[in-house]
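One structure below.
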Amino acid sequence: MVRKKTEFLYLCEEDMISAGVLDGAQCVATIDEMFKVVGQGDYLMGGYNENEHGVRIIFPVEKRFPNMPVAGPDRRFMAMVAYLGGKFNVCAEKWYGSNIENPKRGLPRSVLIVVLNDVETGEPLALMSANLLSAMRTGSVPAVGAKYLARKGADTASLIGAGVISRATLTCLKAALPGLKVAKIYDLVKEKAEAFGETISRELGIQVQAVASMEEAVGGSDFISIATAGKKKPEIQTKWLKPDAVLAMQGTADLSDDLFLSSTVVFDELKMHWAWKEEEERIPDSDAARKLGFPGENVFRLIDQGKMQKSDLRGLSAIAAGKQLGRSSANERFVMIIGGMPVEDAAWGWALYQNALKKGIGQKLTLWNSPHWL
Ligand SMILES: NC(=O)c1ccc[n+]([C@@H]2O[C@H](COP(=O)([O-])OP(=O)(O)OC[C@H]3O[C@@H](n4cnc5c(N)ncnc54)[C@H](O)[C@@H]3O)[C@@H](O)[C@H]2O)c1
């Protein structure tokens, strides 16, 4: 038996940029295709329920050992795994650590890598620097939502939180909404919003205006994306929103029950959010400090209270696959709850891997010349 050499492609952040990771139009098209494949059911995520968002290391509240980390806001390690079918036919894992103190050390809050694997042999195909990959795939989801849900002629978008996810979101929204003319940005830290406005206006060639309050940000906007991190959840009042607006939550926010009840709620993939609910419910209330919460918890509470029906909920994957309606009337308002799925990392990672192969980008690394033990 000839022992097989295994090589894989290593793509550092600069390689990922050369491979097109910041290309909003290709990213939105790829993630739209992914939602269609997921809507057909041709995917598997982790766990027996096939729909786990990821497996997380849950840190204890009190220090148990000198070096063991403790729980804190946005403090986690997470492994997110998926098989994605259709044209992608690939397995992927995203593995990351997140610490809100990182920017003080000159690092992004989260540090991420993605591995792609051959679905037959399990060999690695690529190891990729994934901060930009992950930010762009995250930003593309509201943009795919905008394609199916935003009012015709939508021209105004708002971003809450001037971080990397908002930056990627606006890049992708510009690709998905051809009429987009104005964007507003609001951040608790005014200087961050101003710097964001200046940089992104230049980069995208649209007017991006920093505003001083949440109300100003949200009012009159066709599409609003919330992507903040940290303890203070953004609070949004229903009366500030246009009746035909789309509000996309990529992080957590305090939205009132009446906003959910007066809007159509769209999840990225509903099955994953049910699995999330089950996982969170396994942590007893006596250990509440270790619960991180999950994005759909208020909607599921309304369902448990009988105020909403499960059948009222929609999924972006089902909409993209033509199994559920997108916007069905001019005055319909949407709240999108976006948890983020490992299939997105698989899709965008696979597309960038193809780009890198075509362009000869990256460094070939050897796993083994010949497996030592067979
Ligand atoms: N759904 C997904 O797939 C997905 C993927 C990645 C990240 N996220 C989430 O997106 C969020 C943003 O991530 P990021 O990497 O851009 O974070 P970041 O730390 O780079 O930026 C967050 C920004 O939000 C601002 N902020 C915090 N609280 C605020 C408030 N109440 N009002 C206005 N601004 C506020 C901060 O000042 C900061 O500038 C996080 O919650 C993260 O968990 C979601």
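Ligands are counted one by one from 1 in listed order, and the atoms in each one are counted from 1 as well. Residue numbers run from 1 in the order of the sequence given.
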Quiz item: Counting heavy atoms only, which part of R76 comes closer than 4.0 Å to ligand 1: side chain, backbone, both or neither?
Solution: side chain
Quiz item: Nearest protein heavy atom to atom 27 (C) of ligand 1, by residue and atom, and its distance?
Solution: A229 O, 3.1 Å
Quiz item: Relative to the heavy atoms of K232, which atoms of ligand 1 are at a distance of less than 4.0 Å?
Solution: 28 (N), 29 (C), 30 (C), 31 (N)
Exercise. Might you confirm whether atom CD of Q305 has over 12 heavy atoms from other residues, nucleotides or ligands at distances under 6.0 Å?
Key: yes
Quiz item: Do Y186 and ligand 1 have an N or O pair less than 3.5 Å apart?
Solution: no
Exercise. Show which atoms of ligand 1 fall inside a sub-4.0 Å distance from at least one heavy-atom site of G251.
Key: 41 (O)
Quiz item: Is K104 salt-bridged to E101, going by a charged N under 4.0 Å from an acidic O?
Solution: yes
Quiz prompt | Whether F59 and F77 hold their rings parallel, tilted or perpendicular, with breakpoints at 30° and 60° | solution = perpendicular
Practice problem: Classify the side-chain pair R75/S98 by whether it contains a donor and acceptor separated by less than 3.5 Å. | Solution: no
Quiz item: For I338 and ligand 1, does the shortest N/O to N/O distance drop below 3.5 Å?
Solution: yes
Quiz item: What part of K94 sits under 4.0 Å from ligand 1 if we count only heavy atoms: the side chain, the backbone, both or neither?
Solution: neither
Quiz prompt | Electrostatic pair D345:K94 at N-O distance under 4.0 angstrom | solution = yes
Exercise. Considering heavy atoms of the protein only, find what lies nearest to atom 34 (N) of ligand 1 and give residue, atom and distance to 0.1 Å.
Key: L188 N, 3.2 Å
Quiz item: Is there a nitrogen or oxygen of I165 sitting under 3.5 Å from a nitrogen or oxygen of ligand 1?
Solution: yes
Practice problem: Just need the protein heavy atom nearest to atom 3 (O) of ligand 1, so name the residue and atom and give the distance. | Solution: R137 NH1, 2.8 Å
Practice problem: Could you tell me the residue and atom name of the protein heavy atom closest to atom 13 (O) of ligand 1, and the distance to it rounded to 0.1 Å? | Solution: R109 NH2, 3.0 Å
Exercise. Measure the distances from the heavy atoms of R167 to every atom of ligand 1 and state whether one is below 4.0 angstrom.
Key: no
Self-check item: Distance-only polar pair, side chains of N131 and Y96, donor-acceptor under 3.5 Å
Solution: no
Quiz item: Does any N or O atom in K192 lie less than 3.5 angstrom from one in ligand 1, N or O only?
Solution: yes
Quiz item: Is H53 in contact with ligand 1, taking contact as a heavy-atom separation below 4.0 Å?
Solution: no
Practice problem: Please lay out, stage by stage, how T121 and E123 fare under the test side-chain hydrogen bond (donor to acceptor under 3.5 Å, both in side chains). | Solution: CA-CA 5 Å; T121 64; E123 292 167 287; 2.8 Å; yes
Self-check item: S166, any N or O under 3.5 Å of ligand 1 N or O
Solution: no
Quiz item: When you check the gap from the basic side-chain N to the acidic O, do E203 and R167 get nearer than 4.0 Å?
Solution: yes
Quiz item: Using 4.0 Å as the upper bound for N to carboxylate O, is an ion pair formed by D304 and K277?
Solution: yes
Quiz item: So, are E280 and R282 salt-bridged, with charged N and O less than 4.0 Å apart?
Solution: no
Quiz item: Is any side-chain heavy atom of Q354 closer than 4.5 Å to a side-chain heavy atom of W350?
Solution: yes
Quiz item: Using 4.0 Å as the upper bound for N to carboxylate O, is an ion pair formed by R327 and D244?
Solution: no
Quiz prompt | Side-chain H-bond candidate by donor/acceptor type, T138 with Q250, under 3.5 Å | solution = no
Quiz prompt | atom 11 (C) of ligand 1 - nearest protein heavy atom and its distance | solution = T228 O, 3.2 Å
Quiz item: Can you tell me which residue and heavy atom of the protein come closest to atom 37 (O) of ligand 1, and the distance to 0.1 Å?
Solution: D187 OD1, 2.7 Å
Quiz item: Does an N or O anywhere in E344 fall below 3.5 Å from an N or O of ligand 1?
Solution: no
Practice problem: Consider every N or O of S134 and every N or O of ligand 1, then say whether any pair is closer than 3.5 Å. | Solution: no
Exercise. Return the residue, atom name and 0.1 Å-rounded distance of the protein heavy atom closest to atom 2 (C) of ligand 1.
Key: T138 CG2, 3.5 Å
Practice problem: Indicate yes or no: does an N/O atom of V164 lie under 3.5 Å from an N/O atom of ligand 1? | Solution: yes
Self-check item: For atom 44 (C) of ligand 1, closest protein heavy-atom neighbour
Solution: Q250 O, 3.1 Å
